[in-house]
Amino acid sequence: LIDMEASYAEYEEWSEEPIPETTIKNYKKALQQLEKCKPYEEALLGAETPKLAEYQAYIDFEMKAGDPARIQLIYERALAENCLVPDLWARYNQYLDRQLKVKELVLSAHDRAVRNCPWTVGLWIRYLLAMERHRVEHSIISEMFEKALNAGFIQATDYVEIWQAYLDYLRRRVDFTQDSSKELEELRSAFARAVEYLKQEVEERFSESGDPSCTIMQNWARVEARLCNNMQKARELWDNIMTKGNAKYANMWLEYYNLERAHGDTQHCRKALHRAVQCTSDYPEHVCEVLLTLERIEGTLEDWDAAVQKTENRLARVNEQRAKAAEKEAALAKQEEERAEQRKQARAEKKASKKAKKTRTGDKRKADEDDEGEWGQEEGFQFHPSELPSKRHRGEGDGVLPEEDMEVETGLFGRSEKPDGPTIPKEKASTSRKDIPKVFHDSSKDKVTVFVSNLSYTMAEPEAKLRELFGSCGEVVEIRAVFNNKGTFRGYCYVQFREEEAAQQALALDRTAVEGRPMFVSPCVDKNKNPDFKVFRYSTTLEKHKLFISGLPFSCTKEELEEVCKAHGNVKDIRLVTNRAGKPKGLAYVEYENEAQASQAVLKMDGLTVKDHVIKVMISNPPLRKLPERAEPSRASLAPRQIYGARGKGRTQLSMMPRALQRQSNPVAKAENGMVQNSPAASSDPPAEPKKMSNADFAKMLLKK
């Protein structure tokens, strides 16, 4: 329709006869259509790739107009430039499934969708449903399902969903009026394969099966009970479900009870509820109530008495356990308070002893100066070490100040000019500290205070520097920089504001570069009262709209990386990962507006070369940290620690010696009663070197085992 005015003028000039009225009418109608579409076309011309928002607005406009041909056309235009956007494919396929319903067109669109976005399980499920809806052969649907299993989904739950969709399809093929059929056996074998697949393949890859509540096995049990009238098989399945850690949940027992209630008998219902009362730990009261209700309606007097006795005993044990847990928690809290009080008293006594020692040292030094004319004029005379102020050795006080103290010395220790004449620098520093009062941290003002750390030790005038930096957040009342005894800045301080809102705004300055180092800004929290408090502002879970990039050159800047990433979508934020000194680590996190743009960026940027470095790009999904497993004592005693060095056996250090020889290298002989006769710990002699053995000796040893 664009520029059709010129075409109409040429046609009018070429035609020798007057233009028909119908042609003029259609031309005017086309002009009106052009005026409606023109803003959207101009928006597409002026937008940058991938133009997703502009296409979406255009699609909404055409959907309201309702012309199927134009709707299909605008979808195809959008997908030509955004073929890696799963949501766009899903909306297009949904429109085709519900409106056009043309088999060749629908299946072709679904096939292109899973080919372009194979990691999206929803597209595979829609494809299987469409194939079933258009009566595609069973062998082709099964083949497509196998392709879906090999697509490489990014979550364990995706595999559960695709298996459930395929099992639903197989269930709809079965004629349950027959006692046995080929389709029914195929359904049962598929259920068994699904359970085994989640247990082996998925759990090995993701460290979880993705189906903790065993929904697939529950559906299998429902099919056996309701459609196949096979309650024995259903009970076996539920027994298996309960052995997988679900016996402690009341809702699982009630689900089994409802199945027995509908398709089983009262005896098994009673048995299930009795087991539920014994095993449930989250809501035992609810299970007890259901059991009493059953016996009230259908039970005999003996059944009622047994149920009342069992529920009362169970609830009594539960209440006793809860009371013990509460007492234990209260005792732990009391012990923590006592420890805090003891630490407080110990600090007070330590400070008092230091103050008394300083006073005695000062008095003695003064007495020495008074007696200088009598015996202290000898040149080169040195004080006895016991008369000098106690020297803090390197390593004793260079760590982080105790969090219990939270004490700040704001004096300029060691910064004054050197006085004339021979003096001892430590005495001068000690004298200057004595005159400057110590400022103690006021915990009542923690809400208006932030803790600033990771600053450079060489920062000159940190108070003035930080006051200028934090002044934009609000009125700064006080900045307490922490110095050591020599007057050197420790690299952290406390910034107190007038209002709490200013302190909250100051937290936004976290990771701001100050003199080449990232400055850490965190809430001021007493670790004694909140020992588990940790500040980590970034997510550690799956974020489908955020990318993790590795292999970047250290010289790559944020602006250069943004220039590379913005070609695939709107970049909201970029974070270059650095160490505490502010040096880059070659890693970065890039956040896009939505999942679609991030998915498109992964496929186009992975393997890209940036400054002669090949980068790796993936969806941000940090792995879960596993706690190290404790070694068994019996196994730890087999190989003495000293044979690996002071730090133990390294991760990359492999042992090429059989375990049998390792046992022989540790000369531990046991008597007949099991007591150790000679142990390396009790003997001062070094362990004897293992006897060199030939290949024949090794063979004999292995044959004996």
Side-chain angles (χ1 to χ4, degrees), residues 340 343-344 347 397-413 436-485 487-540 558 572-583 589 591:
R343 288 194 294 266
K344 186 176 180 181
R347 289 196 301 272
D398 294 339
V400 180
L401 285 178
E403 296 176 353
E404 299 87 351
D405 264 343
M406 304 185 78
E407 180 182 339
V408 184
E409 298 179 4
T410 58
L412 302 177
F413 306 139
I436 297 177
K438 295 182 179 180
V439 181
F440 292 89
H441 181 80
D442 187 0
S443 59
S444 64
K445 298 180 180 179
D446 285 349
K447 292 185 178 181
V448 295
T449 306
V450 295
F451 178 68
V452 183
S453 60
N454 201 44
L455 298 172
S456 175
Y457 291 165
T458 60
M459 179 182 291
E461 300 296 336
E463 295 92 341
K465 181 81 174 178
L466 296 177
R467 187 176 294 274
E468 178 183 356
L469 185 61
F470 286 96
S472 59
C473 301
E475 182 180 354
V476 179
V477 177
E478 183 183 12
I479 296 180
R480 300 191 298 277
V482 181
F483 300 89
N484 61 12
N485 292 336
T488 305
F489 181 45
R490 296 291 300 275
Y492 61 93
C493 63
Y494 299 87
V495 181
Q496 179 181 337
F497 293 91
R498 181 74 63 186
E499 299 177 354
E500 185 177 351
E501 295 180 358
Q504 295 298 326
Q505 293 182 9
L507 296 177
L509 296 178
D510 186 37
R511 300 304 196 278
T512 301
V514 177
E515 296 189 359
R517 294 173 63 90
M519 174 182 66
F520 298 161
V521 184
S522 60
C524 187
V525 177
D526 188 355
K527 290 294 184 67
N528 289 327
K529 299 179 181 179
N530 300 277
D532 298 331
F533 177 80
K534 292 183 180 180
V535 178
F536 191 73
R537 59 184 295 187
Y538 304 110
S539 174
T540 57
K558 185 176 180 180
K572 293 181 62 177
D573 183 42
I574 293 180
R575 175 168 66 92
L576 295 176
V577 182
T578 62
N579 58 16
R580 296 180 69 90
K583 304 298 182 182
Y589 289 90
E591 182 179 357

Just how far is it from atom [atom1] of [X] to atom [atom2] of [Y], taken to the nearest 0.5 Å?
X	Y	atom1	atom2	result
K465	S456	NZ	OG	10.5 Å
E591	K572	CD	NZ	5.0 Å
T449	R480	OG1	CZ	6.0 Å
Q505	S472	CD	OG	8.0 Å

E468: what forms a salt bridge (charged side-chain N to carboxylate O under 4.0 Å, His left out) with it, not counting sequence neighbours? none

Fit a plane to each ring of Y494 and F451, take the angle between them on a 0 to 90° scale, and name the class: parallel (under 30°), tilted (30 to 60°) or perpendicular (over 60°). tilted

Taking all atoms of both residues into account, what is the closest heavy-atom pair of [X] and [Y], and its distance?
X	Y	value
C493	L455	SG-CD1, 4.3 Å
G487	F483	O-CD2, 3.5 Å
F497	C473	CE2-CB, 4.2 Å

Hey, are the side chains of M519 and L509 touching, using non-hydrogen atoms and a 4.5 Å cut-off?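 Yes; the side chains approach each other to less than 4.5 Å.
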
State, with a plain yes or no, whether a side-chain heavy atom of S522 is found less than 4.5 Å away from one of V450. no

Let's go through V495 and E463 carefully: what are the C-alpha distance in whole Å and the side-chain angles of both, what is the deciding distance for side-chain contact (heavy atoms from CB on, under 4.5 Å) to 0.1 Å, and is it a yes or a no? CA-CA 9 Å; V495 181; E463 295 92 341; over 6 Å; no

Around atom CZ of R467, are there more than 12 heavy atoms of other residues, nucleotides or ligands at under 6.0 Å? yes

Report yes or no: do N454 and R517 form a side-chain donor-acceptor pair below 3.5 Å? yes

